[in-house]
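For ligands, and for the atoms within them, numbers begin at 1 and follow the listed sequence. In this chain, numbering begins with 1 at the start of the sequence shown.
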Amino acid sequence: MCGIIGYIGNRDAVPLLLKGLKRLEYRGYDSAGIAVLTDGQIHSIKKSGKVSQLEVLVDDTPMKGSIGIAHTRWATHGEPNDINAHPHLDHTGRIALIHNGIIENHETIRKVLEERDIPFTSDTDSEALVQLVSAMYFDDDELSFEGAFRAALQDVVGAYGVVAVCAEEPETVLAARMGSPLVIGIGEGEYFLASDASPIVEYTRNVIYLDEGEMVKLTPDNHSISRIDSSEIVSRGSVEIEMSIEQIEKGDFDHFMLKEIHEQKHTITDTMRGRLNLEDGTTHLGGIADFKPSILAADRVYITACGTSWHAALIGKQLIENYAQIPVDVEYASEFRYRNAIINPDTVLIAVSQSGETADTLAAIRKAKNLGALTIGICNVVGSSIARETDAGIYTHAGPEIGVASTKAFTAQVAVMTMLALSLGRRKGFDAGLGRDLTKALHHIDNDIQTILDDDQSIRKVAQDTHMVDNFLYLGRGINFPVALEGALKLKEISYIHAEGYPAAEMKHGPIALIDENMPVVFIAPRDDTYSKILSNIQEVKARRGIVISITDRKTRELDSLSDHLLEVPRTHKHVFPITASIILQLLAYHLAVLRGCEIDQPRNLAKSVTVE
Ligand code: F6R
C-alpha cells in the first residue's frame, strides 16, 4: 500500500527517486509524485496514473536537487487524482510530506486547523498530518522541524510510514514508522529511505530497519534514531540485505508474474535447501526446532493469514492434521483479530504472510501474543514486521515477489507447510518409510516444475479457447479444494473474469445452476482416493454441457474422454500435487489475462502488501 522513498546526499535525487518509485510501484500505482529541495525552495510535481506518466511531466519541467522525497499511491482517502497524490505540502509550501498508512483522526485535526483558517487542498488524511507539523513548527519559534514532527506524530492516531522535508532546514530528512515499514539505506555521505529495500539495493547493502514507534533524522553525514515519544537516541547496528538486482528486475520476461512463475523451479529448492532429510524421511526446520515440543503439546493451533496466504494455510491444516494428528483451525486474520477466539498460553498461532507486513495478520499476532500464545511466522520477506514480532519462524526464501498476484511465494508457503507437517508428524510417530516417500517427491519437484513449464503451449491453448467467457468454476476435493480457491483467486485478480472455487461435491448444492456451454469448469483431479468421486462430478458437468478442464497427474481413458482439455503434471506424491497443480493454474490465469489485454503485474485496484485494515 503506497511506496515511499527519500534521499539525502550528493547525487542528483530526481532520477534516483523516479527509478526507486518504479521499483516500488507494485505497492500502489494510482498516482505518483516527487518533491525536491533546491535553493531553499520545495519543488513538487504530482500526477494521477502510473510513475511513467509522472516521468513525462518531470521531463517537461526539469527539476534538480540532492534532497528529495517521492511516493506512489494506493488511494484510501480521496480519489486518485493529481491533487490527492503525494507529496502533500503545507499551506506555506515550506514543508512536504509523503505518507503510507491511514491517519484515523484526520477529520478532527483538519477541523481544528480549518477553524484557524489554514486552507486544505486535498481530500486526503495525509494532508492533515503535514498541516499539523506546519502549524506546530511555525507557531513556536523554539521548536525545530524535528521537534514539530515528533509533536505532531504524538497527536496522530493511526498507521504511518512517513517522510518529510522542510525548506527552512534543508539539510534534514525526517521519517517515522508506526504500522508501515521503513528501511534506511546507509551510503557514503548519503542516506536512502524506502518502504522496502528494493530501490536501495543498487546503491548500498547496508540498511537499518526502523522499528515500530521509531523516527529518524537524516543529514548527509549522520543518522539519529529515537522513539517518537522520546528524544532519547536509540543505538542500532546496520544489517546487510541479501537481495540482488537480478531478483528485482524482469530480465527477458514480459512480466514479473511470468518470471516469478518460471522461477519456481529454483525457489522451491531454495525453500527446502538444508531442510529435507531424505534418509530419515523427515525435515529439519531450524527456526522452530526449540518450539516443536510446545506445538506438539498445544491445546489449540490456529493458522491465520489473508488472501493467497490463507489458501496456503488451508493446505497446511490438512497436512498437519494428516501427518501429526493435531487439530488445526484456519482463520482469516481480519476476522480472528476481532472475534473472541479461545487463546491462552497453551495456544499456538502460526501466521502466514509473503510480505510480513499485512496489517490484519500483524494485528492477529499481537492479539495472540498479548494473551500469552506462542506465535510462529511463515514469511517471505526477511526482517519484516511479522518475522520480527513472532516468537519463532520459518522463512520461505522465495526471493522478492514483485508481481502483485502471488505465485512463487504461495508455492513456497505450501512447501513450508508440508515440511512442517512432516516434521511434527515424524515426532508423533508417523512412519519413516512414508516420510521418505514424501521427502523424495519434494526433492524431485524442480524437475516436475520444469516439465510443466516446458508444456506451457498446452496451457496457452486452453486459454485461447476460453478467454472470452465471463465466469469460471474451480473444483477440487480434500487438499485440492484450497488449490481450487487459489486458482479462482489468481484468475479474478489478473483477468477480471469472475471465478469461484468450491469443494467439488458442493457443486450440486447450488453452483450447478450456473453450468451451461459457456461455463469452463476446472477440475483438480489427481489420481488419489478422491479420483472416482471427481469423475462423477465431471460427468455431472458434462451432462450440462459445461466445458471441462481437468488437471491430473495420471491420465486415464475415462478422464480424457470426459475432458474438453486435459492438462497433466508429472506423476507425484498426493501431497506434492497441490504445488504442481497450482503452477498450471497460475499459468492458465496468466495466459487468460494476457489474451484479454489486462495489466498483469499491476491489476486494477490491487496493491501488494496490504498495510491498512
Ligand atoms: C493474491 C495476494 C494476496 C495476498 C494477501 C496477503 O495474489 O497476493 O491475496 O496473499 O494480501 O498478503 P501477505 O501474504 O503479504 O500477508
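- Taking every non-hydrogen atom of S406 and a distance limit under 4.0 Å, the qualifying atoms of ligand 1 come out as 7 (O), 8 (O).
- Annotation for L592 and S495: closest pair C-CB, 4.5 Å, computed over non-hydrogen atoms.
- Look at V404 and you'll find a heavy atom under 4.0 Å from some atom of ligand 1.
- Checked by distance only, ligand 1 and Q413 stay at 3.5 Å or farther apart across all their nitrogen or oxygen atoms.
- Looking from atom 1 (C) of ligand 1 to the surrounding protein, the closest heavy atom is E493 OE2, 2.8 Å.
- Under 4.0 angstrom from ligand 1, the non-hydrogen atoms of K490 all belong to its side chain.
- Proximity of the aromatic rings of F336 and Y302 is defined here by a centroid distance below 6.0 angstrom, and this criterion is met.
- The aromatic ring centroids of Y29 and W74 lie 6.0 Å or more from each other.
- Considering only non-hydrogen protein atoms, atom 6 (C) of ligand 1 sits nearest to C306 O, 3.3 Å.
- Here the protein heavy atom with the shortest distance to atom 11 (O) of ligand 1 is V610 CG2, 3.9 Å.
- Protein heavy atom nearest atom 15 (O) of ligand 1, with residue, atom name and distance: S355 OG, 2.6 Å.
- Residue Q354 has at least one heavy-atom neighbour below 4.0 Å for each of these atoms of ligand 1: 13 (P), 14 (O), 15 (O), 16 (O).
- V207 and I200 make their closest contact through CG1-CG2, 4.3 Å (heavy atoms, listed as atom of the first residue, atom of the second, distance).
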- side-chain contact (heavy atoms from CB on, under 4.5 Å) between M215 and R177: does it pass, once the steps are laid out? CA-CA 6 Å; M215 59 180 269; R177 168 194 175 146; over 6 Å; no
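- Checked against a 3.5 angstrom limit, the closest N/O atoms of T361 and ligand 1 fall outside it.
- For atom 10 (O) of ligand 1, the nearest protein heavy atom (residue, atom name, distance) is T308 N, 3.1 Å.
- Applying the 6.0 Å contact sphere to CD of Q450 captures more than 12 heavy atoms from other residues, nucleotides or ligands.
- Per-residue contacts place S309 under 4.0 angstrom from the following atoms of ligand 1 (heavy atoms of the residue considered): 10 (O), 13 (P), 14 (O).
- Ranking protein heavy atoms by distance to atom 12 (O) of ligand 1, first place goes to T358 OG1, 3.4 Å.
- Within ligand 1, the atoms closer than 4.0 Å to a non-hydrogen atom of S353 are 13 (P), 14 (O), 15 (O), 16 (O), numbered from 1 in the order shown.
- In terms of polar-atom proximity, K608 is not counted as a contact of ligand 1, lacking any N or O under 3.5 Å from an N or O of the ligand.
- Interatomic distance, OG of S238 versus CD1 of I184, reported as 10.5 Å (0.5 Å rounding).
- Between H262 and F253, the distance from one ring center to the other falls under 6.0 angstrom.
- Using bins of under 30°, 30° to 60° and over 60° for the plane-to-plane angle, the ring pair H99/Y160 lands in the tilted bin.
- For ligand 1, the atoms closer than 4.0 angstrom to any heavy atom of A405 are 7 (O).
- Looking at E389, its side chain never comes within 3.5 Å of a backbone N or O of I386 through a donor-acceptor pair.
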